[in-house]
There are 2 protein chains.
Amino acid sequence: MPARLDRIDLKMLRLLQKNGRLSNAELADQVGVSPATCHRRTQALFDDGYLSGVRAMVAPRKVGKGTLVMVGVVLDRSTPESFASFEQAVAKLKCVLDCHLVAGDFDYFLKIRVGDMEDFNRIHGEALIALPGVRQTRTFFVMKEVVDNAVLEF
Amino acid sequence: MPARLDRIDLKMLRLLQKNGRLSNAELADQVGVSPATCHRRTQALFDDGYLSGVRAMVAPRKVGKGTLVMVGVVLDRSTPESFASFEQAVAKLKCVLDCHLVAGDFDYFLKIRVGDMEDFNRIHGEALIALPGVRQTRTFFVMKEVVDNAVLEF
DNA sequence: GCAGGCATGAAGGAATCTTTCGTTAGAGAT
DNA sequence: ATCTCTAACGAAAGATTCCTTCATGCCTGC
């Protein structure tokens, strides 16, 4: 396992991040190595965990998930058990894209995708406030997605 | 352009979202159509905007971006010009993964990836508070990423 | 100086992609 | 009901790509 990434590895990561459908031959050409070497390096990047997978990006609005909502959550108690049961339950909600334990006025921040406000209202009432240990939630409706899930720069 | 997606299209979208490296032959087999039809449908899904692209997922910690921060931003004035200039400027920051205009106590929510807290502190002082029209920011350091960038369910 | 280990590029069989072609199924009009 | 037209389908085949094997070269350490 390579202790460090050289210039070619970094270039490969950046290119594959921008276009995961890049063929091995094209990638090899763009980074300046032979297809065989490129293939071996790509496989190594996967095996060593630098690349965790490849995903097709589905347009949310095209599949009825055009509404984005950020939700801040405060729990009743700040015990490890309380955190654990909340995290276990929230991970099962299909609409939750992000769930992060944060330091500050909230315990957790959620990023949620739903069809519309009515859809969210239903989910909020049925699922979110029903999550274990939730004291209060604060909802921030997203009115405009300026940048969403940008490519990681490194 | 297909007004609606049938069962095969939906299955293709879900499979490609989970594994963007799926070969056309495998995908065709899993959804139960011929490779030729599968190829045509996949191309149509791209052409019609259902699939916006394919991305390799780079492990943030492996490339020195292991620290995640959520930042709430409040602007000085709530004028269209103020919003526009802020959005234009924030889109140029490489570390910003998400930037959403929200309704609530904040004007914008940012999701930012950096190397560590020191790195964030520098960026906060040099770039964030220097963005046009920023009155105040509230930083929420992420202590644990329970769910990050989950696959969209539909 | 020499052996060992590792990465590389060339080569080729196997698999895949992507187009073409003929057929079929369904909708709409006569 | 029948005809026509359109759209989508599967089979087939050439072109491309993948992925492995092999021999060479380079660097390191003894």
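First the proteins, then the strands, lettered A, B, ... as listed; each starts at 1.
Rounded to whole Å, atom P of dT18(C) lies 18 Å from atom CZ of Arg41(B). Spacing between atom CG of Asn24(B) and atom P of dT17(D) amounts to 15 Å, rounded to whole angstrom units. Taking atom CD on Gln43(A) and atom C1' on dT20(D), their separation rounds to 11 Å, with Å as the unit. As a whole-Å value, the separation of Arg40(B) CZ from dG10(D) C1' is 8 Å. Rounded to whole Å, the distance from NE2 on His39(A) to P on dA14(C) is 17 Å. What separates CG of Asp29(B) from C1' of dA11(D) is a distance of 16 Å, to the nearest Å. Distance, Arg7(A) CZ to dT8(C) P: 14 Å, rounded to whole Å. The CZ atom of Phe46(A) sits 13 Å away from the P atom of dC18(D) (whole-angstrom rounding).
Comparing Ile8(B) and Glu26(A) along DNA chain D, the residue whose closest nucleotide (by nearest heavy atom) sits nearer the 5' end is Ile8(B).
Applying the 4.0 Å criterion to OP1 and OP2 of dG10(D), one finds that Thr37(B) has a side-chain N or O inside that range.
Distances were taken from every side-chain heavy atom of Ala36(B) (C-beta onward) to each of dC18(D), dT21(D), dA12(D); the shortest belongs to dA12(D). Each of dG9(C), dC18(D), dC17(C) was ranked by its minimum atom distance to the side chain of Ser23(A); first place goes to dC18(D).
Judged by a 6.0 Å distance limit and a 45° cone about the ring axis, Arg138(A) is not positioned over the six-membered ring of Phe106(A). For the pair Lys62(A) and Tyr50(B), the cation-pi test (distance below 6.0 Å, angle within 45°) is passed.
For the side-chain contact (heavy atoms from CB on, under 4.5 Å) with Leu68(A), the qualifying choice from Ile112(A), Asp148(A), Val114(A) is Asp148(A), the only one to do so.
Between atom SG of residue Cys38(B) and atom CE of residue Met12(B) there is a gap of 4.0 Å, rounded to the nearest 0.5 Å.
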